[in-house]
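In what follows, every chain begins at residue 1, and chains take the letters A, B, ... in the order their sequences are listed. Just so it is clear, the values below take in all heavy atoms, side chains as well, and ignore hydrogens, waters and symmetry mates.
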Amino acid sequence: MPELPEVETTRRGIAPHLIGRRITSVVLRRPDLRWPIPPEIGELLPGQRIEDVERRAKYLLLHTAAGSALLHLGMTGVLRVLPADAPVGKHDHVDLGLEAAATGARVLRFTDARRFGCLLWQAPGATHELLENLGPEPLTDDFDGDLLWRMSRGRTAAVKLFLMDNAVVVGVGNIYASEALFAAGIDPRRAAGSVSRARYARLAAEVKRILAWAIERGGTTLRDFINPDGMPGYFVRELQVYGREGEPCRTCGTAIRQVVLGQRSTFWCPRCQK
DNA sequence: ATTCTACCCTGCAAGC
DNA sequence: TGCTTGCAGGGTAGAA
């Protein structure tokens, strides 16, 4: 489900409801997510005030003085701020009760049909091991074409898989990898080590442009993604190649093709991308 | 070190 | 209508 723009959209949606607010209760209905939810979350979070809501890669961190809740949405995870008495659905695995404000009692609810997401605990001052060994954020100056070029030397894997490697750069998932490679005119099957420095400069610029634009549009909704207000993202209208196999390229009219790389569907224009 | 495969789980759409 | 199959914005573990 969510790539960086969808997670950032989620962060922006929930943060105003959470920052400065105290957590009153923790309900763990199904702790068996990707990894078991550590029980101490239920003991340590109640009474804590949420100081900040941070995104790192596709993870969200709810920071408190006692430690931080580390959340990942997996493929189908959704976070919403709801009235405390909102009916509980089959896949509503976690509720964090929030102290009442002018809008009444609320809960932050984590819903995840496939349970590929996780809720873990990070001790104060520590960095969770899942956050170690992550590459730079794509929307910062730490990420650029030279980084891609340097890291790709000698690598034989397809450039699309290289771009989706979280040790290279974080947040670029299956949709935006195809989109960025189309925008940069690079064949996704090409060996990462065979792409020139100049073309990586173009690719890095297109990654930044597309992710920033997608955040503005509230992310991409294919089927599951909704933001914390229950609304879909509208970037799907802007997709140039993803999901468009057999349809004409919006640039040259050639039929978009599909291939599987690393067990993920990949879309590209055989004329525009070399 | 890098690369490749299998796997985690549920829901939905397409095909028969 | 019902069954089967394949596919889905994620990432890790373990093997080669």
Is there a side-chain hydrogen bond (donor to acceptor under 3.5 Å, both in side chains) between A:R49 and A:T64? Walk through the geometry before answering. CA-CA 6 Å; A:R49 188 179 301 280; A:T64 79; over 6 Å; no
I'd like the P distance from C:dG14 over to B:dC9, given in whole Å. 16 Å
For the aromatic rings, using the six-membered ring if either is Trp, is the centroid distance between A:W268 and A:F182 under 6.0 Å? no
Kindly say whether, by distance alone, the side chain of A:R114 makes a donor-acceptor pair under 3.5 Å with the base of C:dA8? yes
Among C:dC7, C:dG10, B:dC12, which nucleotide has an atom closest to any side-chain atom of A:R223? B:dC12
Just checking A:R155: base, sugar-phosphate only, or nothing, at a heavy-atom cut-off of under 4.0 Å? sugar-phosphate
Please evaluate residues A:K160 and A:N174 with respect to the criterion side-chain hydrogen bond (donor to acceptor under 3.5 Å, both in side chains), reporting the C-alpha separation (whole Å), side-chain torsions for both, the decisive distance (0.1 Å), and the verdict. CA-CA 9 Å; A:K160 188 220 182 196; A:N174 202 40; 2.5 Å; yes
Name the residue closer to the 5' end of DNA chain C, choosing between A:Y242 and A:Y59 according to the nucleotide with the nearest heavy atom. A:Y242
From C:dG11, B:dT10, C:dG10, pick the nucleotide closest to the side chain of A:H91? B:dT10
CA sep, side-chain torsions, deciding dist, call: A:R223, A:T76, side-chain contact (heavy atoms from CB on, under 4.5 Å): CA-CA 9 Å; A:R223 68 202 305 172; A:T76 50; over 6 Å; no
Would you mind classifying the nucleic acid contact of A:R115 as base, sugar-phosphate or nothing, using non-hydrogen atoms under 4.0 angstrom? sugar-phosphate
Please work out the stems of DNA chain B from pairs that are Watson-Crick or G-U wobble with both distances under 3.5 Å, keeping only runs of three or more consecutive pairs. B:2-8 with C:10-16, B:10-16 with C:2-8
Short N-O contact, A:D92 and A:R109, less than 4.0 angstrom: yes
Does the pair A:R257/A:E245 count as a salt bridge with the N-to-O cut at 4.0 Å? no
Taking the basic N atoms (NZ, or NE/NH1/NH2) and the acidic carboxylate oxygens, is any pair closer than 4.0 Å for A:R106 and A:E99? no
At under 4.0 Å between heavy atoms, what does A:D112 touch on the DNA or RNA strands: base, sugar-phosphate, or nothing? nothing
Protein-nucleotides 4-6 of chain B N/O pairs closer than 3.5 Å?
from	atom 1	to	atom 2	distance (Å)
B:dA6	N7	A:Q263	NE2	3.0

Might you work through the side-chain hydrogen bond (donor to acceptor under 3.5 Å, both in side chains) test for A:N227 and A:T9, ending with a clear yes or no? CA-CA 7 Å; A:N227 69 22; A:T9 297; over 6 Å; no
Of A:R34 and A:K90, the one whose closest DNA chain B nucleotide lies more 5': A:R34
Would you indicate which nucleotide in C:dC7, C:dG10, C:dT12 comes nearest to any side-chain atom of A:E3? C:dG10
Is A:R29 salt-bridged to A:D95, cutoff N-O under 4.0 Å? yes
